[in-house]
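Residue numbering restarts at 1 for every chain, and letters A, B, ... go by the order of the sequence lines. Only heavy atoms go into these numbers, but all of them, side chains included; no hydrogens, no water, no symmetry mates. Remember, predicted model here, so these are calculated numbers, not experimental data.
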Amino acid sequence: MHPAPSVILFTTFSGLGFGLLFWLGINPNPPTGWVAFVFFAIAYLGAVGGLLASTFHLGHPERALKAFSQWKTSWLSREGICAVATLLIMALYGAGLVFFGAHWAPLGWLGALGALATVFTTSMIYAQLKTVPRWKHWTTPALFLLLSLGGGALLAGNVRFALPLLIIAGVLQAFAWFHGDGRFAASGTTMETATGLGHIGTVRAFEPPHTGTNYLMKEFIHVVGRKHALQLRVIALVLGFVVPVLMLLMTFHHWNALVAVVSHIAGVLALRWLFFAQAEHVVGLYYGKR
Amino acid sequence: MTELPTSTAKKLGLVIDLDTCVGCHACVVSCKGWNTENYGAPLSDQNAYSGAASGTFLNRVHSYEVQPPMLRDEPQAAQLIHFPKSCLHCDDAPCVTVCPTGASYKRSEDGIVLVNEQDCIGCGLCAWACPYGARELDEKAGVMKKCTLCVDRIYNENLPEEDRQPACVRTCPSNARHFGDLADPESDVSILVAERGGFDLMPEQGTKPTNKYLPPRPKDVEPEYDILAPYLEPIAKDGKGFISWLDKALSALPGGAK
């Protein structure tokens, strides 16, 4: 799949933003006043910035409002609704903390639930696709949720939860890569089933339908990103999980925390790049490519 | 809107004969022509006169080489099969249910899958969900384009009766494309599918496509059709007469072929 920067930025930063909103929502002793303002500003910068970035790849962003209508069947539509509802609820909750020093706990819990729902619906956009066997697996939503919660806890300064969550997320990510490598073959879709010519013999693409490229090939067949997959996996694991965990284990200092956050974001960006670049769509089979 | 109809009165679709398709791409050209000049946004081209040309097509013809396995230790000749591919108007169309705006829909009256271009935001998720590569986002218009089964031809009473079928079917010079109602077991297309063993593409994806493909017929074994041929062998193998003496004499010379 084509790793579009807008979608990588969107999933990374909105995941972190909604993760932070979750921890702010369930915090029994949340910050108030200016401290609360800074926390909510960071969360909204991530969540809203990510959502805005995702509209950059639309052909007609001016019609985006129509995307809230099909919640009955479409995970993308559900995601839009969850995101906007969560942002509105948490804006109210945040306003209480920042301006009135009031802690409206039930509103925070509702917002936290909404933040989880938003991240889950985002992940299901990918996990629902039978055409991309690497994504259609329980590890996709599990990883999106763990990364959001772990990164959110890191941003919230919640070391008690950030530490175990990041360790679990790192282990699960390694498992998802390992297991995902065999899922295309396990899906049973081959050039033989794609063409229905398997009963005659082995199928090979002889001539493509056109001399140049096309939308399908640009969108679904991406080989460049896979070339350095192993190196990128190691970089993502070290930056995303190992460095932040080591920083959290050291005595607390603001500089340590900053290094942990920056390193974690860089790691998640790298693994999100791989999430797209390594995912193979079955349509590539018609072109004899993956 | 994006909920699929539980059943459709008709299942209009195509039957494509891989035995007779000659790979001329006439269907590709007529499709591009009709769908650029008629319903919806035109099918744009990018850098059409450069080395890096690309464009939107609703129908593309691939060509595959199929290598049969060895038969009694003899290698078999490979077969070249031309393979036209367009939207299969699936019963369980995954492209429709993922649409966030309701722009994609499947008609309950005839099963045709269409895009309402006024509602399409161009997110591309339907193209991601389609295993067949039937949907292409038009770069110029920013909306998703797909085969309409020439819905503006098949019901068009301004056209003569014989033209009321999809442009690709109407233009095919080798009769490799057939259009009809696949829900009706008595229709020509249904009979064709039953008699020739029509099959689905990627059945394991669970999309239940309406369009069917007919397999190439088995190749004939070439019979010995010329009774004189054995007597006209150009090379003497019996080793008699002048030619045989000449063969041996020339071979005996230094550097002669044995």
Side-chain angles (χ1 to χ4, degrees), chain A residues 1 55 57-64 66-80 125 128-132 187-189 191 193-220 281-283 285-288, chain B residues 1-3 18 25 28 52-57 60-69 76 78-81 83 85 94 96-103 119-125 127-133 136-137 139 141-144 199-206 213 215-216:
Chain A
M1 305 293 289
T55 60
H57 79 284
L58 295 181
H60 282 279
E62 77 281 6
R63 299 176 187 160
K66 296 188 175 187
F68 296 112
S69 65
Q70 301 301 314
W71 50 272
K72 277 189 191 168
T73 63
S74 170
W75 283 106
L76 183 51
S77 191
R78 289 171 195 162
E79 182 214 25
I125 295 171
Q128 69 176 329
L129 294 173
K130 215 173 176 183
T131 49
V132 185
S187 76
T189 299
M191 276 189 83
T193 68
T195 60
L197 297 171
H199 65 284
I200 304 176
T202 329
V203 182
R204 184 174 80 87
F206 182 76
E207 205 174 26
H210 40 81
T211 50
T213 182
N214 68 16
Y215 167 74
L216 300 169
M217 298 179 78
K218 280 184 260 184
E219 189 80 357
F220 301 122
H281 194 287
V282 293
V283 80
L285 293 169
Y286 285 107
Y287 292 85
Chain B
M1 282 270 265
T2 54
E3 286 167 280
L18 298 178
H25 292 242
V28 179
S54 71
T56 312
F57 286 81
R60 294 180 185 266
V61 180
H62 296 251
S63 295
Y64 296 105
E65 181 198 70
V66 186
Q67 178 63 60
Q76 301 295 297
Q79 290 185 34
L80 184 63
I81 291 155
F83 193 95
K85 185 164 60 61
V96 170
T97 50
V98 298
C99 177
T101 67
D119 282 349
C120 177
I121 55 172
C123 69
L125 192 56
W128 288 22
C130 172
Y132 307 110
E136 299 190 16
L137 190 76
E139 232 181 283
V143 294
M144 196 53 73
F199 59 82
D200 291 345
L201 303 186
M202 292 188 186
E204 72 283 354
Q205 287 275 334
Y213 283 73

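Using a 4.5 Å cut-off between heavy atoms, B:Y213 makes no contact with chain A at all. Residue B:C123 touches chain A through both its backbone and its side chain, counting heavy-atom pairs closer than 4.5 Å. Using a 4.5 Å cut-off between heavy atoms, B:F83 contacts chain A through its side chain alone, with no backbone atom that close. Neither the backbone nor the side chain of A:E79 comes within contact range of chain B; no heavy atoms are under 4.5 Å apart. With a 4.5 angstrom heavy-atom cutoff, B:Q76 does not touch chain A via any of its atoms. Within the 4.5 angstrom heavy-atom criterion, atoms from both the backbone and the side chain of A:K130 approach chain B. Proximity to chain A (any heavy atom under 4.5 Å) is shown, for B:A52, by neither the backbone nor the side chain. Using a 4.5 Å cut-off between heavy atoms, B:A78 makes no contact with chain A at all. Residue A:A64 touches chain B through its backbone alone, counting heavy-atom pairs closer than 4.5 Å. Within the 4.5 angstrom heavy-atom criterion, only backbone atoms of B:V61 (N, CA, C, O) approach chain A. Interface residue A:S187: only backbone heavy atoms are found under 4.5 Å from chain B. With a threshold of 4.5 angstrom between heavy atoms, B:P68 approaches chain A through its backbone and through its side chain. For A:Q128, the part sitting under 4.5 Å from any heavy atom of chain B is the side chain, from C-beta outward, and nothing else. Residue A:M217: no heavy atom, backbone or side chain, is found under 4.5 Å from chain B. Proximity to chain B is limited to the side chain of A:H281, based on heavy atoms less than 4.5 angstrom apart. In this structure, chain B has heavy atoms under 4.5 Å from both the backbone and the side chain of A:I200.
Contact count against chain B (heavy-atom pairs under 4.5 Å) is highest for A:A67 among A:A67, A:G188, A:G288. In terms of heavy-atom pairs under 4.5 angstrom with chain A, the leader among B:G55, B:A53, B:A127 is B:A127. For the options A:I125, A:L285, A:L129, heavy-atom pairs under 4.5 Å to chain B are most numerous at A:L129. Of all the listed residues (A:F68, A:F220, A:W75), the one sharing the greatest number of non-hydrogen pairs under 4.5 Å with chain B is A:F220. Per-residue heavy-atom pair counts under 4.5 Å with chain B were compared for A:V132, A:T213, A:T55, A:V283, and the maximum is reached by A:V283. With chain A as the partner, the residue from B:G142, B:P100, B:G122 showing the most heavy-atom pairs under 4.5 Å is B:P100. Counting heavy-atom pairs closer than 4.5 Å to chain A, the top residue among B:T56, B:D200, B:V98, B:L18 is B:V98. For the set B:A129, B:P94, B:P69, B:S54, the entry with the most heavy-atom pairs within less than 4.5 Å of chain A is B:A129.
Residues B:M202 and A:V282 come closest through the heavy atom pair CE-O, 3.9 Å.
Within the 4.5 Å cutoff, the side chain of A:Y286 has heavy atoms near those of the B:Y64 side chain. Side-chain contact between A:P209 and B:V28 is absent, with no heavy atoms from C-beta onward closer than 4.5 Å. Side chains of A:R204 and B:Q67 form no contact here, defined as non-hydrogen atoms less than 4.5 Å apart. Between A:T131 and B:Q205 the shortest side-chain heavy-atom distance falls below 4.5 Å. Here the side chains of A:K218 and B:E139 are in contact, with some heavy-atom distance below 4.5 Å. Between A:T195 and B:I81, the closest side-chain pair of non-hydrogen atoms is not below 4.5 Å.
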query = Are A:E219 and B:L137 close enough, and set up right, to give a side chain to side chain contact (heavy atoms under 4.5 Å, CB included), and what steps lead you there?
reply = CA-CA 10 Å; A:E219 189 80 357; B:L137 190 76; over 6 Å; no

query = Between A:R63 and B:V143, does a side chain to side chain contact (heavy atoms under 4.5 Å, CB included) hold up when you go through it step by step?
reply = CA-CA 11 Å; A:R63 299 176 187 160; B:V143 294; 3.8 Å; yes

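Atom CD in A:Q70 sits 10.5 Å away from atom OG1 in B:T97 (nearest 0.5 Å). Distance check: A:H199 NE2 to B:F199 CZ gives 6.5 Å after rounding to the nearest 0.5 Å. Here A:L197 contributes atom CG and B:L201 contributes atom CG; the two are 9.0 Å apart, rounded to the nearest 0.5 Å. Rounded to the nearest 0.5 angstrom, A:F206 CZ and B:E65 CD are separated by 6.5 Å.
Judged by distance alone, the side chains of B:E3 and A:T73 never bring a donor and an acceptor atom under 3.5 Å apart.
Between the A:H60 side chain and the B:D119 main chain, no donor and acceptor come within less than 3.5 Å of each other. No donor-acceptor pair under 3.5 Å is formed between the side chain of B:H62 and the backbone N or O of A:Y287.
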